[in-house]
Amino acid sequence: MKNRKINYFRNALLLGLVLITNINCERELSDDATNATYPKTAEIFIEDVIGMGTNFYFPYGGSKPNAWTIDRQEGYNSNASMRFDVPNANDPAGSYAGAIFRTEGAGRDLTGYDALTFYVKASRGVVISEFGFGEDFFPNKYITTITNVSVGTNWSKVIIPIPNASKLVKERGMFRYAAGTQGTSSSGYVFWIDDLKFEKLGTIAPGIASIMNGTNVNETTFVGVNSSVQNINVTFNLPNGINQPVKVNPGYMDFISSNPSVATVDSSGLITSLSSGSTVITATFNGVTALGSLTINCLGNFVSAPTPTRSQANVISIFSNAYANVPVNYYNGYWQPWQTTVSNDFTVQGNNILSYSIFNFVGIEFSNPTVNATTMTHFHMDAFIPGAIAPGRQLRVIIVDFGANGAFGGGDDTRHSTTFTAPFLVSQNWMSIDIPFSAMPGLASRSNLAQIILEGGDGSVIRVDNIYFYN
């Protein structure tokens, strides 16, 4: 822009001098420029909150929002600490205590530290579900967590190792916690934390890292399906000699796909299937190979269920991308102790699919609120069984109404089970199931429908789509 202001009627020598001066100035600025730096403040709470700004406490959904306060009478070698009041399990304000402490501004430079440390004690002996750091709600790239921390009534020091401090150049997630009443018969308690800060201990030794809980997992996918590397852990040897397992986010790992033409894996552990074939996803941590792997077996293009064509006005949808779905509590209640079914749901080409493996039975519940289907005439579901249909194989579809009180139990619940066998049951093809309510005599009412139960699996795989009631 400066060159455009030069008077072009000046002689060439003057123009050259101006250009040389301009270039020299730019080089000088470039040589003197430095990268932006961020505060290296180690302390988060020492008798008071330090350097966090004015808006730093963000409770998790369903937690008690005011569980955290500052106690001006209790402290570790001081007169102040952070107090956390874990509520009773039935507290209407929240069934547990949990939140993140996120510093305002761009974040802190934590590259000079190797651990987050603090002192903690409780009003009774308890086990705290989670302590950690690195969660800022977006992008949550470097979350680090220790779980099931035993806390007594005397002050004790907790050390949370930093997996790789070189990555924490501008971290905002200073602290996170989640505490419930699972081990206290649902009764609340109090715990205190003091001297919460990052430290350079210099005596923490990294141990073994693992993905997929250290096991070799196989997963069947299709082109366009995204999977993810999960259950990432690193064990560190602490100064007290304890081997501390730490849950870490994928951002700390480096991932490798043995056959990128079949599936790629990015720095967040997200796997994208591209073509038919198999590939093995592995990882390294600080240059050392982690235990465990994920083998992706891509079967090629996915054949979707037929797209529903009924009008939304004539449909109450439980699960379908073609319609607006009613609120659903869960698509797999995992009803112990008999259920073996686990969910491996996936999305392909923008279409969500319910996929159940080790299938024996599964419950889908939509009880908050229940569904009034008195104007509907049929139930519909599309199902796909990829494996062979064994002799005598059955698939039972059970519709449950919670009765006039709209709640499970109470003596007024009714249900009806419809059984399908071969030749209707086929392999490698979508089966469209349509059951008229008139064929469900066991269902005394359909004004408070709340559950759909699928039974009769033989431990194989079943995929489900387009679950709805229609007129």
Side-chain angles (χ1 to χ4, degrees), residues 114-116 129-136 138-149 160-168 171 173 176 178 204-238 242-275 277-299 334 342-348 355 357-358 461:
D114 61 12
L116 173 67
S129 298
E130 296 184 354
F131 286 129
F133 62 89
E135 185 172 14
D136 54 13
F138 184 82
N140 292 337
K141 191 171 184 179
Y142 299 117
I143 298 178
T144 303
T145 303
I146 60 175
T147 61
N148 300 321
V149 181
I160 307 176
I162 297 177
N164 185 346
S166 67
K167 295 180 179 289
L168 305 184
E171 180 58 54
R176 64 179 302 272
I204 298 176
I208 299 173
S210 64
I211 64 174
M212 312 305 290
N213 278 332
T215 60
N216 298 316
V217 178
N218 285 272
E219 183 174 312
T220 300
T221 66
F222 301 89
V223 172
V225 173
N226 290 327
S227 310
S228 62
V229 179
Q230 298 176 339
N231 299 318
I232 305 171
N233 300 277
V234 182
T235 301
F236 294 86
N237 185 258
L238 302 184
I242 293 176
N243 289 323
Q244 175 65 63
V246 179
K247 294 174 62 176
V248 304
N249 263 33
Y252 287 111
M253 312 294 287
D254 294 306
F255 299 102
I256 307 102
S257 171
S258 67
N259 192 347
S261 65
V262 172
T264 58
V265 57
D266 67 13
S267 61
S268 68
L270 181 68
I271 302 165
T272 302
S273 296
L274 303 175
S275 65
S278 296
T279 185
V280 181
I281 307 299
T282 55
T284 61
F285 174 71
N286 292 339
V288 179
T289 301
L291 299 177
S293 66
L294 175 59
T295 298
I296 297 295
N297 299 304
C298 182
L299 302 182
Y334 200 76
V342 294
S343 292
N344 292 294
D345 306 337
F346 59 89
T347 301
V348 55
S355 181
S357 59
I358 323 178
V461 174

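Computed over heavy atoms, backbone and side chain alike; hydrogens, waters and symmetry mates excluded. Positions are given from 1, in the same order as the sequence printed here.
S278 pairs by the side-chain contact (heavy atoms from CB on, under 4.5 Å) definition with N297, not counting sequence neighbours.
Between P250 and V229 there is no side-chain heavy-atom pair separated by less than 4.5 Å. In this structure the side chain of I232 never reaches within 4.5 angstrom of the side chain of Y252, judged on heavy atoms. Annotation: side chain of F133 is in contact with side chain of I162 (closest heavy-atom distance under 4.5 Å). Proximity of T264 to L274: side-chain heavy atoms (C-beta onward) are separated by under 4.5 Å at one or more points. Two residues are said to be in side-chain contact when any heavy atoms from C-beta on lie closer than 4.5 Å; I256 and V265 fail this criterion. Side-chain contact between I143 and R176 is present, with at least one heavy-atom pair separated by less than 4.5 Å.
Taking CD1 of I296 as the start and CD1 of I281 as the end, the distance is 6.0 Å to the nearest 0.5 Å. Considering OG of S273 and CG of N226, their distance stands at 7.5 Å, rounded to 0.5 Å. The distance from atom OG1 of T220 to atom CG of L299, rounded to the nearest 0.5 Å, is 5.5 Å. Note that CD of Q230 and CG of N213 are 9.5 Å apart. Values are rounded to the nearest 0.5 Å. For the atom pair CG of N259 and OG of S275, the computed distance is 7.0 Å after rounding to the nearest 0.5 Å.
Scanning both residues, A263 and T279, for their nearest heavy atoms gives CB-CG2, 3.7 Å. Taking each heavy atom of P161 and V246 in turn, the nearest pair found is CD-CG2, 3.9 Å. Residues L116 and G132 come closest through the heavy atom pair CD2-O, 3.9 Å.
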Quiz prompt | Derivation of the side chain to side chain contact (heavy atoms under 4.5 Å, CB included) call for L294 and I211 | solution = CA-CA 8 Å; L294 175 59; I211 64 174; 5.6 Å; no
Exercise. Begin from the C-alpha positions of N344 and E219 and carry the test side chain to side chain contact (heavy atoms under 4.5 Å, CB included) through to its verdict.
Key: CA-CA 9 Å; N344 292 294; E219 183 174 312; 5.6 Å; no
Quiz item: So D136 and E171, side chain to side chain contact (heavy atoms under 4.5 Å, CB included) or not? Walk me through it.
Solution: CA-CA 8 Å; D136 54 13; E171 180 58 54; 4.3 Å; yes
Exercise. Test T282 against S293 for side chain to side chain contact (heavy atoms under 4.5 Å, CB included), laying out the working first.
Key: CA-CA 5 Å; T282 55; S293 66; 4.0 Å; yes
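Heavy atoms from other residues, nucleotides or ligands lying under 6.0 Å from NZ of K141 number 12 at most. Atom CD1 of I208 sits in a sparse spot, with 12 or fewer heavy atoms from other residues, nucleotides or ligands closer than 6.0 Å.
Of the possible donor and acceptor atoms, none in the side chain of T235 sits under 3.5 Å from a partner among the backbone N and O of G207. Between the S210 side chain and the L291 main chain, no donor and acceptor come within less than 3.5 Å of each other.
Side-chain contact annotation: D266 with S268, donor-acceptor N/O pair under 3.5 Å present. Between the side chains of N249 and N140, no donor-acceptor pair is found at a separation under 3.5 Å. Between the side chains of S227 and T221, not a single donor N or O lies within less than 3.5 Å of an accepting N or O. Side-chain atoms of D345 and S355 include no donor-acceptor pair closer than 3.5 Å.
Using a 30° and 60° split on the angle between ring planes, F285 and F236 fall in the perpendicular class, above 60°.
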